[in-house]
Amino acid sequence: TNSMEPAIDDGMLCILEPVKDISDLIEGDIICYLLGNNVLSPTVILHRIIKIGQDKEGWHCKTRGDNNPSDDSWLVRANWVKYVYRGQIV
């Protein structure tokens with residue numbers, strides 16, 4: 001989709017680095033995470049961290065696509081986060 005334009009154009013080849021320590025992520029980072037309960041075919045999302053927090057379930061963050069008018073409606077949990085965006089090949 002075009003949810004991350006103009007930072008990342010739809011169809012661009014992104015350079016992603018595996019997240020080794022969730023505490024290294026900061027607000028403003030672009031992360032790649034898996035959404036959904038379907039292990040065989042989860043939804044892959046690449047959005048920017050807007051806010052990081054903690055609750056009784058542990059680390060979480062709010063995300064939003066740069067081109068979206070509002071934040072995503074869910075909290076992203078640490079175990080969903082797989083990669084952090086490091087750049088793109090143009």
Side-chain angles (χ1 to χ4, degrees):
T1 70
N2 67 347
S3 68
M4 284 303 295
E5 289 181 347
I8 304 169
D9 292 329
D10 185 25
M12 293 299 294
L13 185 58
C14 294
I15 301 167
L16 302 174
E17 178 182 342
V19 173
K20 294 182 178 93
D21 186 345
I22 202 75
S23 66
D24 290 339
L25 297 176
I26 61 171
E27 292 172 4
D29 278 344
I30 298 172
I31 57 172
C32 179
Y33 63 93
L34 304 181
L35 176 67
N37 295 327
N38 186 344
V39 175
L40 297 177
S41 183
T43 301
V44 178
I45 298 180
L46 189 70
H47 278 176
R48 190 176 304 276
I49 295 175
I50 302 303
K51 181 96 173 133
I52 294 175
Q54 290 273 341
D55 62 16
K56 64 182 178 183
E57 295 178 42
W59 186 97
H60 65 79
C61 70
K62 287 294 288 180
T63 57
R64 179 190 322 157
D66 289 357
N67 198 30
N68 292 348
S70 58
D71 295 351
D72 297 326
S73 60
W74 51 84
L75 292 177
V76 176
R77 295 294 172 180
N79 64 327
W80 301 7
V81 180
K82 304 304 177 195
Y83 301 97
V84 61
Y85 171 85
R86 293 299 185 214
Q88 60 187 319
I89 298 172
V90 291

Tell me, please, which residues at least two apart from Asp21 pass side-chain hydrogen bond (donor to acceptor under 3.5 Å, both in side chains). Ser23

Using the rule given for side chain to side chain contact (heavy atoms under 4.5 Å, CB included), can you reason through Val44 versus Leu34, listing the C-alpha separation, both sets of side-chain angles and the distance that settles it, and then say yes or no? CA-CA 5 Å; Val44 178; Leu34 304 181; 3.7 Å; yes

Other than Ile89, what residues sit in its cluster of Ile, Leu, Val, Met, Phe, Trp and Tyr side chains whose heavy atoms are under 4.5 Å apart, directly or through others? Leu13, Ile15

Does Asp66 have any side-chain hydrogen bond (donor to acceptor under 3.5 Å, both in side chains) partners at least two apart in sequence or in another chain, and if so, which? Arg48

Under the side-chain hydrogen bond (donor to acceptor under 3.5 Å, both in side chains) test, residues paired with Glu17 that sit two or more places apart: Arg86

Return the set of residues passing side-chain hydrogen bond (donor to acceptor under 3.5 Å, both in side chains) with Asp72 (not counting sequence neighbours), or none when no residue passes. Tyr33, His47, Thr63

Taking every non-hydrogen atom, the tightest pair across Asp29 and Asp24: OD2-O, 4.3 Å

Output for pair (Ser73 OG, Lys62 NZ), nearest 0.5 Å, gives 6.5 Å

So how far is it from Tyr85 OH to Ile8 CD1, rounded to the nearest 0.5 Å? 4.0 Å

Scan residues 75-84 for pairs that pass salt bridge (Lys or Arg N to Asp or Glu O under 4.0 Å), counting only residues two or more places apart or in two chains. Asp55-Arg77, Glu57-Arg77

Which heavy atom of Glu5 sits nearest a heavy atom of Asp10, and at what distance? OE2-N, 3.6 Å

Would you find a donor on one side and an acceptor on the other, under 3.5 Å apart, between the side chain of Gln88 and the backbone of Ala7? yes

Any side-chain heavy atom of Leu16 within less than 4.5 Å of one from Leu46? yes

Step by step, would you call Ile31 with Tyr83 a side chain to side chain contact (heavy atoms under 4.5 Å, CB included)? CA-CA 6 Å; Ile31 57 172; Tyr83 301 97; over 6 Å; no

Reported SG-to-CG distance for the pair Cys14 and Asp9, which is rounded to 0.5 angstrom: 9.5 Å

For residues Ile50 and Trp80: do they belong to one hydrophobic cluster (side chain heavy atoms under 4.5 Å, members Ile, Leu, Val, Met, Phe, Trp, Tyr)? no

Is Leu75 reachable from Ile52 through a run of hydrophobic residues whose side-chain heavy atoms are each under 4.5 Å from the next? no

Find the distance between CD1 (Ile49) and CD (Glu27) and round it off to the nearest 0.5 Å. 8.0 Å

